[in-house]
Each structure stands twice: as C-alpha cells, then as structure tokens.
Amino acid sequence: VLSYEDTSATNGRTYFYGVTATNGAGEGGMSEIANCTPAWPEHHPACAITAPVGQYSTTGDIAMTWPMSDLVSGIDFAEVRLDAGAWILKGDATSHVFVGVPDGAHALGLRVFNNAGYNQSASHAITVDTVAPTNVANSWTQPDATGTLRITFSEAMGSVQGLVDGQPVTFSLDGRNATAMVTLAPGQHNLTMTGTDLAGNPVEGFAPFQFSVAEHTVQVSGRVLDEE
C-alpha cells in the first residue's frame, strides 16, 4: 500500500499521521509525523434583514428579524448591532429588539458566520420619529380671483387632507409646506386639515384656520362708441 485516504476526517479539525512498514523481518520504525487540517472551500452564508420594513419607525423599540442559511458548512452564529455600537451575540436566533432607540437616523447591522469561518453582512437604515407633527403657520394670499392657502408644519409631511367649508381641497406638498390654489366666493371661510408625517405620525392640534376672501372687481377701460 503506497497511499491512504481518511474519509472520516472532519473539516476544521487537525489530524496527525505517521507511517510504518512491515516485511518478513518485522515492522520498521515510525516515519516523521505529518499533520493536516481539512477545510471547506471558501463560501459565505446567506442572510437578509426582513424587518423592520421601510425607512421610518414611530416607536423607539425596533424589532429586527433575519433569515440565515448555509447549506455547505452550516451556521455558527449571528451578531447584531445598532449604529457603531458593540456587536451583540445572537447565536442561532433570528430576531432581536433594540429598546429605547432615540429619535433620529440609525443603522441596523447584521453579521452571520458559518462553521467554515466565513461571514456575510447586511444593514438597514431607519429613522425613528416618535413626535407628532404640529401646525406652525397659516396664510392666505389673494392677488386676484384665485388665492393660495399655505400651511406650514413642524416637520416634513407624508400626506395631508384639507377641507374648506367641509369640501375637499387638493394640497401639494413640499417638505413642511402644503399649498393649494382655490377660487372661493367672497366672505369668511374655514379650513380644517389632517395628515401624517413621513413616519406616519398623525397631525396633532390643528386648529381650524379662518380666512377672508375679498371680492375681486374686474376693471375695464376704453371708449364707448355711439354710432347714432
């Protein structure tokens, strides 16, 4: 026998081998001891952050979930972290809750290692916003028969709905400002609004906005010709 194959070896474990030879006179001395550590070919586990979904959270308690798999060597452990904080060992768990995360922009990190020592990472950006938007300024300008309503909120808005005298009015959004061009009868009018910020927090404490529409007079100048 000039070769030997050990089919029982386990990847990552070190083995030592020696050889002796036997003839009619008996067994000879041991050869020098050789060692080897079988290893997997380079491969990385699969993982992804599946929650939270979206870019915003209205709560400071952020539930994070992730699937992970490795069909070659298997999963060793997972770690998670918030922003640049310390990694938190999660073992084979696939969920974690970050408690009391302050308002502002944050990054959720995930790192998964397989039994071959290779890893895969994933991240998710999220902004925590637990504060409801408020109305900070209102205005009505009327250069002619058509006027402009301008409503300013304390933060950028995701959606707004307005009613003038109980009738829907379409507003356009630009960050904190909502504007609508409307043509109304002269007199007093009343605007009420609802809406949500980018995170989904509803507007709080919007007091009805009363404004006055002036009568618009069209002046015509020229000569009147009398043919008689």
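Not measured: the values here are computed from a predicted model.
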Side-chain heavy atoms of [X] within contact of [Y], under 4.5 Å:
{"X": "Val213", "Y": "Gln142", "answer": "yes"}
{"X": "Thr94", "Y": "Met68", "answer": "yes"}
{"X": "Leu108", "Y": "Leu110", "answer": "no"}
{"X": "Val128", "Y": "Phe98", "answer": "no"}

Expected output: side-chain [X] to main-chain [Y] donor-acceptor under 3.5 Å:
{"X": "Asp129", "Y": "Val131", "result": "yes"}
{"X": "Arg176", "Y": "Phe153", "result": "yes"}
{"X": "Asp197", "Y": "Pro202", "result": "no"}
{"X": "His44", "Y": "Asn119", "result": "yes"}
{"X": "Asp92", "Y": "Ile75", "result": "no"}
{"X": "Asn135", "Y": "Thr152", "result": "yes"}
{"X": "Asn115", "Y": "Ser73", "result": "yes"}
{"X": "Tyr118", "Y": "Pro41", "result": "no"}
{"X": "Trp140", "Y": "Ser212", "result": "yes"}
{"X": "Asp83", "Y": "Ala107", "result": "yes"}

Parallel, tilted or perpendicular for Tyr4 and Tyr17, by the 30°/60° rule?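 Geometry flag for Tyr17 against Tyr4: tilted rings.
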Taking atom types as modelled, find out whether Asn201 and Thr58 have a side-chain donor-acceptor pair closer than 3.5 angstrom.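 The answer is no; no qualifying pair exists.
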_Can you confirm whether the side chains of Thr179 and Ser172 place a donor and an acceptor under 3.5 Å from each other?_
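Yes, a side-chain donor-acceptor pair sits under 3.5 Å.
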Review point. With a cut-off of 6.0 Å (strictly less than), are more than 12 heavy atoms of other residues, nucleotides or ligands near CG of Asp174?
Key: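 Not more than 12 within 6.0 Å, no.
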More than 12 foreign heavy atoms under 6.0 Å from CD1 of Ile33: is that the case here?
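For Ile33, atom CD1 is crowded (more than 12 foreign heavy atoms under 6.0 Å).
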